Amino acid sequence: MRLTVNGIVQGVGFRPFVYQLALESGLKGGVANTSSGVTIHVEATEKKIQAFILDLRKKSPPLAHITEITAGYEVIRGYTTFTIQGSQRQPSRWALISPDMAICNDCLQELFDPEDRRYGYPFINCTNCGPRYTIIEDIPYDRPNTSMKHFTMCEKCQKEYDDPSNRRFHAQPNACAVCGPSLALYSNDRARILAHDPIKKTAELLKEGQIVAIKGLGGFHLAVDAENTNAVIRLRQRKHREEKPLALMSYDLDRVHRYALVEPDEERLLTSQQRPIVLVKKRDTNPLSPEISPRNKNFGVMLPYTPLHYLLLSHDFTSLVMTSGNMSEEPIAIDNDEAFDRLGAIADYFLVHNREIYLRSDDSIARRTQGATRFIRRSRGYVPAPVFLRDKVPQILACGAELKNTVCITKGKNAFLSQHIGDLENLETYRFFEQTVDHMKQILDIDPQILAHDLHPDYLSTRYALEQEGMEKIAVQHHHAHIVSCMAENGLDGPVLGLSFDGTGYGTDGSIWGGEVLIVETHHFSRAAHLTSVPMPGGDGAIREPWRMAVSYLSHVFGEGFYDLELPFLGSIEKDRIRIIQTMISNKVNAPPTSSLGRLFDGIAAIVGIRNQVAYEGQAAMELEMTIAGDSKESYDYEWKREKDAYRVLVSSIIRGVVRDMEKGSQVSEISQKFHTTLIRLFSDLCGRIGQETGLDRAVLSGGVFQNAVLLAGLTKALEASGFQVFSHSVIPTNDGGISLGQALVAAAVAAS
Ligand code: ZN
Ligand code: ZN
Ligand code: FE
């Protein structure tokens, strides 16, 4: 028979695996790489071949991902052995490229084995682990097309590379201390620090409280000792990162247990070969600096994923802060010179190496909610593994939104989401966006003729799309794209009821949406319900200063009289500033209307006194969620009004209820609980009503607000209780980092109609 295996099957040790398996099963024939995967010619009884096919799927190497095996009869050629054909390497242009993967156990064992020739070598890898996506310059995936081309393998490494029975057979980044990349330590004035063991020296510097920029897999990290509060504060000040939680890295789970409470499913995610940052619950008393994630119940933790990390953390740290090597809001640094330029004012020392990173890739961030993995950022370890689609689509480039931008390129049944690009608000990030688009087109060998972009005319991603010549361009409404992205990963066809709860997004009426219940088909949507629109005084200024939203909601409900309410937050803001905002609202100057649920969260957070300003988008809403305590079953009154073609959800009774509780002196924790319960009851009731009217019984949840675990879990349960089948994200982020997938599929459907 002739078997064709598709998926991620090249550069991951697949042919040696097939070879070994065939030998064990006593099969004759051969295996070869072809243009789209791997083909196997086997000669044996049908029963034996069927067992072999099962084993191919069951036992395949860790980095392989089989999407399809097709089988057909062949003419018997009378093989007497089983061979790996084309050992002169004919890697294909079409094969899927593996993401970068954490060091495997075999390599880890060798790393700490004094007898091994790679003992303590920080760049050890094999076909089952190591860098991939970040070192590829071009396809086919072959050493001359990677940043390993500058290193010629020594005799021993070459022998491993050529030996089909070796774990390093065709491992493109194969290297050792004799022939491969090496480390160097510098002070921030670029003076080389000579140390017999640069890693040990780095560990000493970190213990002294120094900030060290460390070159990793997808970019630089900035590291400090997580137990040293002074160092953490200094890092925050220099990086201009005031409040956002900092990521941690610990040597193993035992150390993580010292400061966090980790559930078994979180442990599995932490130890997975993708090694994302996982949000885990803080221990009430823990040895780490309180400055790492202030006002947050969680830590973001990862385990080491490169041999360099393992060697460094073996020097007895409970944990290191490992935050991305950038100035706030800029892309992460990847090049040594670039790092000295951009990080020189932050880091005291630089631990660098000479294996170039071609494409930056930030750490992925995920959490476990309701038995599923929820991505906050899908990047290193997952990219460029495709999201597998149910149906074939044409080649499309979707440009994403503005914040947390990713792009998506489709081909056949594959949707390739890019790594996290960032907030498209500065030139550096925009350049990275362009570079990523070009790079992905190159290494995936895709030349899209259709461009999908957000409806917002001012997003840089929209402008990029409109500037491209000779392509079909399709504008996609933001919340439509959110829901379709979730339909795509769940393999759903419309129509469905889509709950798109979000911060911002340009609506078809030019106002800002974000509290939307939509009836969604892939090619089309309509609005079934939405929150009442209120002015957003100062536009984006209202996102940075949630107190403005508080003023907007209060004057919406109470008119001018709101100023007499006994709300402490009003006293914390100068009267003049409040008056200016009021004028903007009443004169409708620079105060675009918004139906965003994210802004309602912000407004409530400010009214209850959590904060007037935020250091990053969504902070106030997140802190409101974090304050929840107790198990009150109470909620506020809610109501909606039937208008011409949609329901309008009134916010006044909710605001009134919150204000009444504040004046009564209720605990913020209780108000927050009641507010969440209200939203859950309100929307499950309302969807129940719409479901009856439309006959729809599938609800799809997407949008940044669903990063709120209380809302996601509560609403899922309540909708299920009202008879809905409920779908949410577990493959891509629910925030704008996943929206490009939805854009691509909407464009595919529109182009086909
Ligand atoms: Zn390995
Ligand atoms: Zn070597
Ligand atoms: Fe969004």
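Please read all numbers here as calculations on a predicted model, not as lab measurements. Order of listing sets the numbers, starting from 1, for every ligand and every atom in it. Residue numbers count from 1 along this sequence.
Look at E489 and R378 and you find no salt bridge, because none of the NZ, NE, NH1 or NH2 atoms lies under 4.0 Å from a carboxylate O.
Around the Zn ion (ligand 2), the angle linking C157 (SG) with C179 (SG) is 110°, rounded to 10 degrees. With the Fe ion (ligand 3) as the vertex, OD1 of D736 and OD2 of D502 span 170° to the nearest 10°. With the Zn ion (ligand 1) as vertex, C126 SG and C107 SG subtend 100°, rounded to 10°. Computed with the Zn ion (ligand 1) at the centre, the C104 SG to C129 SG angle is 120°, stated to 10 degrees.
If you check the side chains of D142 and H170, you find no donor sitting under 3.5 Å from an acceptor. Side-chain atoms of S361 and T134 form no donor-acceptor pair, as typed in the model, at a separation below 3.5 Å.
Residues H480 and S500 have side chains not in contact (no heavy-atom distance under 4.5 Å, counting atoms from C-beta outward).
Within the coordination shell of the Fe ion (ligand 3), defined by N, O or S atoms under 2.8 Å, H478 is present.
A cation-pi geometry, defined here as NZ or CZ lying under 6.0 Å from the six-membered ring centre and within 45° of its normal, does not hold between R463 and Y430.
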